[in-house]
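Take a look at the structure below.
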Amino acid sequence: MASSQIIVPLDVSTEIDAIALIDLLPEVTFWKVGLELFVSTGANILKTLKSRQKRIFLDLKLHDIPNTVAGASRAAARYGVDLLTIHSTCGKEALTLAHAAIQQGASEAGVPPTKLIAITVLTSLSARQLAFELKIPLELPDYALQMALMAQEAGLDGAVCSPQEVGQLKDSCGKDFLLVCPGVRPSWADAGDQKRSMTPKQAIASGANYLVIGRPITAAKDPETAWQRICDELGDV
Ligand SMILES: O=c1ccn([C@@H]2O[C@H](COP(=O)(O)O)[C@@H](O)[C@H]2O)c(=O)[nH]1
């Protein structure tokens, strides 16, 4: 296990706060830019991260009709980001077009193609919510698997899932299908709004390629110590 498998979200609303976090945690090599920061400040932060040789997960969770997600994916790929998210519930046609648009955007910009990964079931949802609020009749792990398989058939590079489903998805989708797990919580951290958590060590042992760990680090009294504690706990997994 390398600390390079941990992605830390920049869930702040100003560029100043984002840069303060990046400076505070120089050992973090992979940062996530999500909706709060991107909507608040635009794409400038991507240039800042690139100028510091950081890897970028652009977590925009695209969800729209095929033509629109394709346009947005093409535009995102031109930034040369490493990962981009789209909701699997856009459907297979939208996923396929978005994936093709990324190849086009990347080749126009002369950058390596962004890996497009599909959100299966948000880690903030419980099995009960999936059944009673979203009216999905499948059991949650089976639904997450079906979403991942559809994304794989559409040519996507991977999926986002909770650590609780990652083992089953890895077995079914194979080792080359990238699995990124948010909803990761060390035993000493609050779950907050995450409903299907596991510890970092359990998530990696179950097959996650990358872990997204935010508040246990960024909202800690001492983020550097929290980061180091997580790296130490992962040790030799
Ligand atoms: O299913 C998902 C997809 C994305 N996320 C994002 O990951 C981080 C998690 O942050 P924590 O502070 O560790 O809870 C956050 O940016 C989410 O937008 C997710 O949690 N679940």
Side-chain angles (χ1 to χ4, degrees), residues 3 5-13 17-18 21-22 24-25 28 30-41 45-46 49 55-63 76 81-90 115-127 129-130 133-134 136 140-141 143-145 147-148 151 156-166 169 178-204 206 208-221 223 226-227 229-231 233-234:
S3 58
Q5 282 173 278
I6 305 176
I7 302 173
V8 181
L10 287 166
D11 285 337
V12 291
S13 60
D17 287 346
L21 260 179
I22 298 163
L24 184 64
L25 297 167
V28 177
F30 212 154
W31 288 97
K32 183 170 89 69
V33 174
L35 288 168
E36 182 182 0
L37 185 58
F38 200 77
V39 171
S40 303
T41 71
I45 189 67
L46 306 179
L49 285 164
R55 302 179 74 200
I56 304 171
F57 174 7
L58 186 56
D59 186 19
L60 296 185
K61 299 189 184 70
L62 303 177
H63 197 196
V81 295
D82 297 278
L83 297 176
L84 174 71
T85 43
I86 183 167
H87 277 284
S88 57
T89 46
C90 288
K115 290 190 189 311
L116 185 62
I117 58 175
I119 307 283
T120 54
V121 180
L122 288 171
T123 55
S124 55
L125 291 171
S126 64
Q129 285 175 291
L130 192 78
E133 293 177 10
L134 305 188
I136 304 287
L140 193 151
Y143 182 68
L145 176 60
M147 294 301 102
L156 267 64
D157 303 284
V160 176
C161 62
S162 98
Q164 296 186 9
E165 295 99 49
V166 73
L169 266 59
L178 208 58
L179 293 175
V180 178
C181 289
V184 175
R185 288 291 180 265
S187 55
W188 40 268
D190 283 343
D193 50 4
Q194 298 289 358
K195 302 277 170 41
R196 309 194 314 281
S197 296
M198 278 187 176
T199 67
K201 199 166 182 161
Q202 288 168 332
I204 289 288
S206 302
N209 297 98
Y210 291 102
L211 310 179
V212 179
I213 309 178
R215 287 163 289 181
I217 299 169
T218 55
K221 273 196 192 123
W227 160 263
R229 193 170 170 188
I230 290 170
C231 292
E233 284 176 11
L234 280 165

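Counting starts at 1 for both ligands and their atoms, in listed order. When reading the values below, keep in mind they use all heavy atoms of this one structure, side chains included, and skip hydrogens, waters and symmetry mates.
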Any chance you could lay out the side chain to side chain contact (heavy atoms under 4.5 Å, CB included) test for Leu37 and Val12, step after step, and finish with the verdict? CA-CA 6 Å; Leu37 185 58; Val12 291; 4.3 Å; yes

Check the pair Val160 / Asp59 against side chain to side chain contact (heavy atoms under 4.5 Å, CB included), numbers first and verdict last. CA-CA 10 Å; Val160 176; Asp59 186 19; over 6 Å; no

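Contacts between Asp59 and ligand 1 below 4.0 angstrom, taking non-hydrogen atoms only, involve the side chain exclusively. Both the backbone and the side chain of Thr123 come within 4.0 Å of ligand 1, counting heavy atoms alone.
Every atom of ligand 1 with a heavy atom of Pro9 under 4.0 Å away is listed here by number and element: 16 (O). Close contacts of ligand 1 with Val212, meaning ligand atoms under 4.0 Å from a residue heavy atom, involve 7 (O), 8 (C). Of all the atoms in ligand 1, the ones that sit under 4.0 Å from a non-hydrogen atom of Asp11 are 15 (C), 16 (O). The ligand atoms of ligand 1 that sit less than 4.0 angstrom from a heavy atom of Arg215 are 11 (P), 12 (O), 13 (O), 14 (O). Near Pro182, with a cut-off below 4.0 Å to any heavy atom, the atoms of ligand 1 are 2 (C), 3 (C), 4 (C), 5 (N), 7 (O), 19 (C), 20 (O), 21 (N).
Close N/O approach between Arg185 and ligand 1 is found [any backbone or side-chain N/O within under 3.5 Å]. Considering backbone and side-chain N/O atoms, Val160 never comes within less than 3.5 Å of an N/O atom of ligand 1.
Summary of contacts: the protein heavy atom closest to atom 18 (O) of ligand 1 is Lys61 NZ, 3.4 Å. Residue, atom and distance of the protein heavy atom nearest to atom 9 (C) of ligand 1 are Gln194 NE2, 3.7 Å. The protein heavy-atom contact nearest to atom 6 (C) of ligand 1 is Lys32 NZ, 3.6 Å.
Side-chain contact between Leu134 and Leu125 is present, with heavy atoms from C-beta onward closer than 4.5 Å. Side-chain contact between Tyr210 and Lys32 is absent, with no heavy-atom pair separated by less than 4.5 Å.
A donor-acceptor pair under 3.5 Å links the side-chain atoms of Ser197 to the main chain of Gly183, judged by distance alone.
Using the six-membered ring where Trp is involved, His63 and His87 have ring planes that are tilted, between 30° and 60° apart.
Take Pro223 and apply the side chain to side chain contact (heavy atoms under 4.5 Å, CB included) test, not counting sequence neighbours, and it matches Leu24, Leu25, Ile217. Applying the side-chain hydrogen bond (donor to acceptor under 3.5 Å, both in side chains) criterion to Arg185, with sequence neighbours excluded, gives no partner residue.
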